[in-house]
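Quick notes on the structure that follows.
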Amino acid sequence: MLLRVPWLGVRRGAALLSTQSRLRCAFLGPPGAGKGTYAQRVCPDLGLAHVSTGDLVRAEINEGSALGKEMAELTAAGQLVPDDRVLALLSKHLTGMSGGFVLDGYPRNIAQAKSLAELVNLDLVVHFDIPQEIIVEKTIARRVCSNSSCGANYNIAHIKYGDIDMPPLAPKIDGVCDKCGSDLIQRPDDTEAVVLDRLRIYADETAPLIDFYHQQGILKHFLIRGSVNMMLPELEAIMAHTK
């Protein structure tokens with residue numbers, strides 16, 4: 001059974017929304033590439049729902065459902081949530097809804113991609129291409145809103161690497177979320193050692209999805225060479241020329 005989710009967000013260009021509000025898309029790229037940040041920005045512009053599996057897991061745990069309690073026990077024990085549980089949560093979120101979306105954080109391997117294909121047909125997969133050195137610096141400088149219902153992301157680093165110039169995506173007031181006024185925090189796992197280990201896992205498990213979706217003819221590359229504000233129109237153009 002193929003499922004769709006409704007569009008959410010602020011209108012920006014009726015013509016663009018009319019063609020893209022049913023786009024079913026996934027963002028693929030290494031951890032720290034900015035997939036979540038770009039999704040938060042592009043989804044309202046294109047009238048799409050931002051579906052983050054990490055956010056869904058946290059919300060389910062906070063809700064205290066049977067599935068959430070099981071996930072809480074696993075994460076408390078330092079274990080990963082099994083693929084079938086993540087897929088069940090994703091199916092629960094999408095069931096009975098219509099419209100377009102951006103998947104952020106899923107799939108992460110070939111097995112997940114094949115399971116996802118039984119749930120929904122993707123129209124587009126965007127591969128976020130960014131040098132590893134920048135990912136490490138960006139991740140260490142990442143700050144997130146402490147309010148779990150907000151989820152805003154910021155970055156306090158001004159990265160200059162070769163011809164790449166990425167100004168910080170900083171809050172108006174240092175340490176305070178622009179959206180809800182809550183404190184900004186650094187995730188405890190946003191350290192260089194953890195980032196390098198994540199990149200190793202990505203190369204082994206997730207990077208093969210690039211070829212997987214290329215063979216399906218739905219992969220497009222997004223070469224990140226500047227700030228979010230500078231690169232956002234390019235990402236929107238990639239997505240606007242799909243379907």
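All values reported here derive from a predicted model rather than from experimental measurement.
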Taking every non-hydrogen atom, the tightest pair across Pro167 and Asp165 | CD-O, 3.4 Å
Flag yes if Leu235 and Leu223 sit in one hydrophobic cluster, no otherwise; membership is Ile, Leu, Val, Met, Phe, Trp, Tyr, and two members link when side-chain heavy atoms are under 4.5 Å apart.
-> no
Rounded to the nearest 0.5 Å, what's the gap from CG on Asn147 to SG on Cys145? Could you check?
-> 5.0 Å
Between the side chain of Ser65 and the main-chain N/O of Ile61, is any donor-acceptor distance below 3.5 Å?
-> no
So, do Met166 and Met230 sit near enough that their side-chain heavy atoms are less than 4.5 Å apart?
-> no
Spatial distance of atom CZ (Arg187) from atom CG (Asn153) [nearest 0.5 Å] | 6.0 Å
Does any N or O in the side chain of Tyr154 come within less than 3.5 Å of the main-chain N or O of Ala141, such that one atom is a donor and the other an acceptor?
-> no
Pair Leu48-Leu23, side-chain contact (heavy atoms from CB on, under 4.5 Å): steps then yes or no = CA-CA 8 Å; Leu48 302 172; Leu23 178 69; 4.2 Å; yes
Student check: side-chain heavy atoms of Pro171 and Val176 closer than 4.5 Å = no
Check: Lys172 main-chain N/O paired with Asp178 side-chain donor or acceptor under 3.5 Å | yes
Minimum heavy-atom separation for Pro107 to Leu116, with atom names?
-> CD-CD2, 3.8 Å
Please report the shortest heavy-atom distance between Ile224 and Ala33, naming the atom on each side.
-> CD1-O, 3.6 Å
Are Leu184 and Leu169 co-members of a hydrophobic cluster defined by side-chain heavy atoms under 4.5 Å apart?
-> no
Check whether any side-chain heavy atom of Arg143 sits under 4.5 Å from a side-chain heavy atom of Cys177, and report yes or no.
-> no
Give a yes or no on whether Gln216 atom CD has more than 12 heavy-atom contacts from other residues, nucleotides or ligands under 6.0 Å away.
-> yes
Report yes or no: does Asn62 contribute a side-chain atom to a donor-acceptor pair with the main-chain N or O of Arg58 at less than 3.5 Å?
-> yes
With no hydrogens and no angle check, is any side-chain donor or acceptor of Lys138 less than 3.5 Å from a backbone partner on Gly32?
-> yes
Determine which pairs satisfy ring-ring contact (aromatic ring centres under 6.0 Å, His included) with at least one residue from residues 109-144, sequence neighbours left out, and list them in order.
-> Phe27-Phe128, Tyr38-Phe128, His127-His221, Phe128-Phe222
Can you find a heavy atom in the side chain of Arg142 that is under 4.5 Å from one in the side chain of Val144?
-> yes
Using the side-chain contact (heavy atoms from CB on, under 4.5 Å) rule, take Leu56 and Val86 through it: C-alpha gap first, then chi angles, then the decisive distance, then the call.
-> CA-CA 9 Å; Leu56 292 180; Val86 176; over 6 Å; no
Is there a donor-acceptor pair closer than 3.5 Å between any side-chain N or O of Ser146 and the backbone N or O of Asp183?
-> yes
Go through the steps to decide whether Asp197 and Val194 satisfy the test side-chain contact (heavy atoms from CB on, under 4.5 Å), and finish with yes or no.
-> CA-CA 5 Å; Asp197 187 54; Val194 172; 5.7 Å; no
Using a 4.5 Å cut-off on heavy atoms from C-beta on, say whether the side chain of Leu89 contacts that of Val57.
-> yes
Cluster link Val195 to Ile156, ILVMFWY, side chain under 4.5 Å | no
To the nearest 0.5 Å, what is the distance between NZ (Lys179) and OG (Ser149)?
-> 11.5 Å
Indicate if Ile201 and Leu74 have the same hydrophobic cluster label, given that clusters are the connected sets of ILVMFWY residues with side-chain heavy-atom separations under 4.5 angstrom.
-> no
pair Met239-Val102: side-chain heavy atoms closer than 4.5 Å | yes
Looking at side-chain heavy atoms only, is the closest gap between Ile130 and Ile135 below 4.5 Å?
-> yes
Please check if the side chain of Asp123 supplies one atom and the backbone of Arg24 the other of a donor-acceptor pair under 3.5 Å.
-> yes
Going through the distances and angles, do His50 and Asp55 end up as a side-chain hydrogen bond (donor to acceptor under 3.5 Å, both in side chains)?
-> CA-CA 10 Å; His50 176 197; Asp55 289 346; 5.3 Å; no
Would you call Pro31 and Thr139 a side-chain contact if the rule is heavy atoms closer than 4.5 Å?
-> no
Write out all pairs satisfying ring-ring contact (aromatic ring centres under 6.0 Å, His included) with one or both partners inside residues 170-218, taking only residues at least two apart or from two chains.
-> none
Taking 4.0 angstrom as the limit, do Arg200 and Asp204 come out as a salt bridge?
-> yes
Gln112 and Asp83: side-chain donor and acceptor closer than 3.5 Å?
-> yes
Evaluate whether atom CD of Gln132 has more than 12 neighbouring non-hydrogen atoms of other residues, nucleotides or ligands under 6.0 angstrom away.
-> no
Straight-line distance of Arg85 CZ to Glu60 CD, nearest 0.5 Å = 12.0 Å
Could you walk me through whether Phe101 and Leu122 pass the side-chain contact (heavy atoms from CB on, under 4.5 Å) check?
-> CA-CA 10 Å; Phe101 59 83; Leu122 294 176; 4.1 Å; yes
Indicate, with yes or no, if Leu119 and Val125 share a hydrophobic cluster defined by side-chain heavy-atom contacts under 4.5 Å among Ile, Leu, Val, Met, Phe, Trp and Tyr.
-> yes
More than 12 heavy atoms of other residues, nucleotides or ligands under 6.0 Å from CG of Asp84: is that the case?
-> yes
Is a side-chain N or O of Gln40 found less than 3.5 angstrom from the main chain of Gly151, in a donor-acceptor match?
-> yes
Ignoring hydrogens and angles, tell me if any N or O in the side chain of Gln186 forms a donor-acceptor pair with the backbone of Ile140 under 3.5 Å.
-> yes
Hey, is Arg108 close enough to Glu205 for a salt bridge, meaning N to O under 4.0 Å?
-> no
Measure the CD1-CG distance between Ile210 and Leu219 for me, rounded to the nearest 0.5 Å.
-> 7.0 Å
dist Leu124:CG -> Leu103:CG (nearest 0.5 Å) comes out at 11.5 Å
